[in-house]
Amino acid sequence: MTKSIKSDSPLIEVKNCTKLFPATVALDDVSFTLLPGEVHALVGENGAGKSTLVKCISGEYAMTKGELFVEGEQIHLRDYNVREAQNRHIGIVHQEFQLMEEMTGLENIYVGHYSQKGPFVDWKDLDARAQKLFEFLGSNVNYNVPVKRLRTADKQIIQLARALALDAKTIIFDELTAVLPEADIQNIYRIINLLRDNGIGIIYISHRLDEIFDVCDSYTVLMDGKHIETGDVGTLTKDRLIQLISGRELTKVYPQVPDSVSNDIFLKLKNFSGNGFNNIDLTAKKGEVVGIAGLVGAGKTELLQSLFGNNPVTNGEMWLNGKKINIHNPKAAIKEGLGLIPDERRMLGLNRVFDVRKNATLANLNKYKIANLFMDQNKEYEDAETVMDQLNLKYSSLRQNINTLSGGNQQKVVIGKWIIADTDLYLMDEPTRGIDVGAKSEIYHLIHELVAQGKCVILVSPELEELLGLCHKIYVMYEGEICYETERENFSQEEIMTYLLGSGK
Ligand SMILES: Nc1ncnc2c1ncn2[C@@H]1O[C@H](COP(=O)(O)OP(=O)(O)OP(=O)(O)O)[C@@H](O)[C@H]1O
Ligand SMILES: [Mg+2]
């Protein structure tokens, strides 16, 4: 790790910041400093106030109380907004996508800052500038197609390019890597080091604790909107960091895997094929956690989407509980007892218009119908509350719009929704992405509770450690096919890695 903190005056200084939302104290007297060339980790539980703090810096939120200094100059908060923050060279790469999907990358990067030739936009100049920018980033993302056609990692690069185009001196990454595959994360590390060497200051928010040790110089921990500690990463251990974040000693993140696997085969796939996967033979028993490992593009998500009826099946057989079935749409899947926790929560898992309660009970509305006419709202609230407490959801009211929950807490609602639905087979696609370390452990316990009750879980995760820690059995997919299968007593990390990379026998 290169350490190049310069002793110049701070880029950003937040003094005694308090931010109130209706019914929530999101930040309570927090102070924070960022130096040029410093990569500063901002960590804490879901709902701790991380995104709120950086949004106060980027001009999206107005502090309720407090002071902000940018490059030594005190900001008049009444006149401060996103535009002003950009003029002061502060850029942000958001946790949730904030690009205009129909516009090209180039348009997104320069929107509001187009070069002009007379009354016209000078596209040639913009293109030349973008080329330089992408050269600097060492990236070959196609910025001339509508953003909606790009993959997630490339959208993130566009967001980053947008920040850099504003000649940013401060760049904020809000959980950039939560949605990125490993190779792209390495690329981001490379870019971060490049930015640091150029004296740019970076605020880095992540729930992947290893990353803090890989790229950050310093850290600040928030909890319940309060500042807990700031220090040097060099003197920090992972155990201590976990303790600071969760406020408790968490010696065992992974619970003991229960002895719950029955002899009853619940799901059986034979030659199962569809868009992105081929000839899948797989069995999952009642009481079993079955892991699916694979690189990005291996077909894991596609397989789950087809099982749930979102994508067509082109060949092969699916058996549930000994009965051969065809599932053509999610409604049929839910009827058969399947539940899907999808990987793009913003797009697929939640209804952005509804409140927390409605989102939580959405998968199982029939349960709450009274004489097919009315909804039993009390029962809805009751169930939603029980499950959300179990998941330690941070919310002020079940009537709160889902958008006002922190990112990780939104993910908890997606998981809670299927628990309420009393599903038999849980299809989980990266369920703990963006979830803090304490809540991750709770979700692991919950997965094991589900299988102990005879349910069945199919778990897709990019983190091999998570699969090794939780599963009874792991399948490895490579280029759309299963190339390896192993049971818990034979788990070998090296062997799985070999197959993951496509170099197994
Ligand atoms: N627009 C809003 N309206 C009302 N409450 C909000 C709003 N935005 C955030 N909050 C609340 O403020 C608190 C802090 O949320 P914030 O998004 O800053 O958390 P976070 O640390 O970024 O969490 P995560 O790791 O889950 O992203 C939460 O209780 C959240 O529900
Ligand atoms: Mg956040």
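It should be emphasised that the depicted structure is a prediction, and the values quoted were computed from it without experimental measurement. In listed order, ligands and their atoms are each counted from 1. Nothing fancy with the numbering, it's 1 onward along the sequence. All heavy atoms count here, side chains included; hydrogens, waters and symmetry mates do not.
- Interface of Tyr61 with ligand 1, defined as ligand atoms under 4.0 Å from a residue heavy atom, comprises 1 (N), 8 (N).
- The shortest N or O to N or O distance between Gly47 and ligand 1 is below 3.5 Å.
- The side-chain heavy atoms of Thr404 and Phe21, taken from C-beta on, include no pair separated by under 4.5 Å.
- Distance check for Ser51 against the Mg ion (ligand 2): an N/O/S atom falls below 2.8 Å.
- Residue Glu175 has at least one heavy-atom neighbour below 4.0 Å for each of these atoms of ligand 1: 25 (O), 27 (O).
- No side-chain donor-acceptor contact under 3.5 Å links Ser31 and His227.
- Cation-pi geometry between Lys440 and Tyr444 is not met at under 6.0 angstrom from the ring centre and within 45 degrees of the axis.
- One distance of note links CD1 of Ile57 with OG1 of Thr52; it measures 11.0 Å at 0.5 Å rounding.
- Nearest-residue assignment for atom 25 (O) of ligand 1 (options Lys50, Lys19, Lys412; heavy-atom criterion): Lys50.
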For Tyr110 and Tyr143, run ring-ring contact (aromatic ring centres under 6.0 Å, His included): C-alpha distance rounded to whole Å, both residues' side-chain angles, the deciding distance at 0.1 Å, then the answer. CA-CA 11 Å; Tyr110 291 107; Tyr143 49 77; 8.8 Å; no
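- Taking every non-hydrogen atom of His207 and a distance limit under 4.0 Å, the qualifying atoms of ligand 1 come out as 25 (O).
- Ligand-side atoms of ligand 1 in range of Gly408: 24 (P), 26 (O), 27 (O), range being under 4.0 angstrom from any heavy atom.
- The closest side-chain heavy-atom distance from Pro10 to Leu35 is below 4.5 Å.
- In this model, a donor atom of one side chain and an acceptor atom of the other lie less than 3.5 Å apart for Gln156 and Gln159.
- Against a heavy-atom cut-off of under 4.0 Å, Asn46 is close to the following atoms of ligand 1: 23 (O), 24 (P), 25 (O), 26 (O).
- Between the choices Thr24, Leu222, Thr52, Leu27, the shortest heavy-atom distance to atom 16 (P) of ligand 1 belongs to Thr52.
- The atoms of ligand 1 that sit less than 4.0 Å from any heavy atom of Ala26 are 12 (O), 13 (C).
- Between Gly434, Gly225, Ser406, Cys56, it is Ser406 that holds the heavy atom closest to atom 26 (O) of ligand 1.
- Geometrically, ligand 1 and Gly49 share a nitrogen or oxygen pair separated by less than 3.5 Å.
- Polar contact with ligand 1: absent for Phe21 (N/O pair, distance under 3.5 Å).
- Which parts of ligand 1 touch Ser51 is read off a 4.0 Å heavy-atom cut-off, strictly below it: atoms 17 (O), 18 (O), 20 (P), 22 (O).
- Scanning Ile205, Thr404, Ile435 for the heavy atom closest to atom 31 (O) of ligand 1 points to Thr404.
- For Asp232 and Thr235, the side-chain atoms include no donor-acceptor pair closer than 3.5 Å.
- In this structure, Lys15 is positioned above the aromatic face of Phe69, its NZ or CZ under 6.0 Å from the six-membered ring centre and within 45° of the axis.
- Only the backbone of Glu45 comes within 4.0 Å of ligand 1, judged by heavy-atom distances.
- Defined by atom type and a distance below 3.5 Å, a donor-acceptor pair is missing between the side-chain atoms of Ser461 and Glu463.
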